[in-house]
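This report refers to the structure that appears directly beneath it.
Here the structure is a predicted model, which means the values were calculated and not measured. We count ligands from 1, going down the list as the structure has it; atoms in each ligand are counted the same way.
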Amino acid sequence: MVFRLLSKIFRRNEVDCKETRRSSSDYLDETLPPRKLAAIQNHLSNCGPCRAFVDTLASTIGILSRFPRVIPPSSFKESLMDKIRRDR
Ligand SMILES: [Zn+2]
């Protein structure tokens with residue numbers, strides 16, 4: 001009885017792979033509530049595939065944030081057209 005109650009309490013602080021992956025961007029943004037954060041960290045320490053998933057996501061976000069000022073093609077074209085018009 002006590003054991004069943006304990007495992008129920010512990011299970012409440014567990015997340016599965018689906019939940020971990022769904023929360024992974026929030027995890028990297030550090031916007032998870034402490035309870036959820038602990039559950040995710042606990043899952044990641046026991047689950048290789050999820051750790052790899054989060055690692056990949058982290059490096060992807062890292063790469064993207066390293067190049068934040070990519071000029072969108074449309075505005076680049078616009079400024080180019082502007083320059084051509086002014087040169088005339
Ligand atoms: Zn997992």
Side-chain angles (χ1 to χ4, degrees):
M1 182 61 197
V2 174
F3 177 74
R4 208 181 274 181
L5 192 69
L6 277 176
S7 65
K8 211 174 168 184
I9 291 166
F10 274 118
R11 208 165 287 165
R12 217 187 286 164
N13 202 27
E14 266 177 24
V15 288
D16 56 14
C17 294
K18 214 168 126 189
E19 182 66 27
T20 299
R21 286 165 204 222
R22 200 169 44 196
S23 305
S24 55
S25 66
D26 287 338
Y27 172 75
L28 294 171
D29 285 343
E30 296 173 353
T31 56
L32 288 173
R35 208 162 214 269
K36 189 78 175 277
L37 182 69
I40 300 285
Q41 280 173 335
N42 181 53
H43 183 90
L44 289 175
S45 66
N46 294 314
C47 184
C50 282
R51 213 158 47 224
F53 179 86
V54 171
D55 275 354
T56 305
L57 190 67
S59 61
T60 306
I61 290 170
I63 289 163
L64 288 179
S65 65
R66 227 176 288 157
F67 301 104
R69 284 163 198 274
V70 177
I71 304 162
S74 63
S75 70
F76 176 73
K77 196 177 160 194
E78 247 167 24
S79 71
L80 193 69
M81 291 304 284
D82 225 40
K83 198 176 182 332
I84 291 167
R85 265 188 235 119
R86 234 179 291 149
D87 283 349
R88 270 184 188 167

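Here R51 does not pair with D55 in a salt bridge; the nearest charged N to carboxylate O distance is not below 4.0 Å.
Between P49 and C17, the closest side-chain pair of non-hydrogen atoms is not below 4.5 Å. Annotation: side chain of Y27 is not in contact with side chain of K36 (no heavy-atom distance under 4.5 Å).
A distance-only check finds no donor-acceptor pair linking the side chain of S23 to the backbone of T20 [under 3.5 Å].
The Zn ion (ligand 1) has C17 SG, H43 NE2, C47 SG, C50 SG as its protein N, O or S neighbours under 2.8 Å.
Interatomic distance, CG of L32 versus CG of D26, reported as 5.0 Å (0.5 Å rounding).
Between I40 and the choices L37, N42, L44, the side chain to side chain contact (heavy atoms under 4.5 Å, CB included) rule is met once, by L44.
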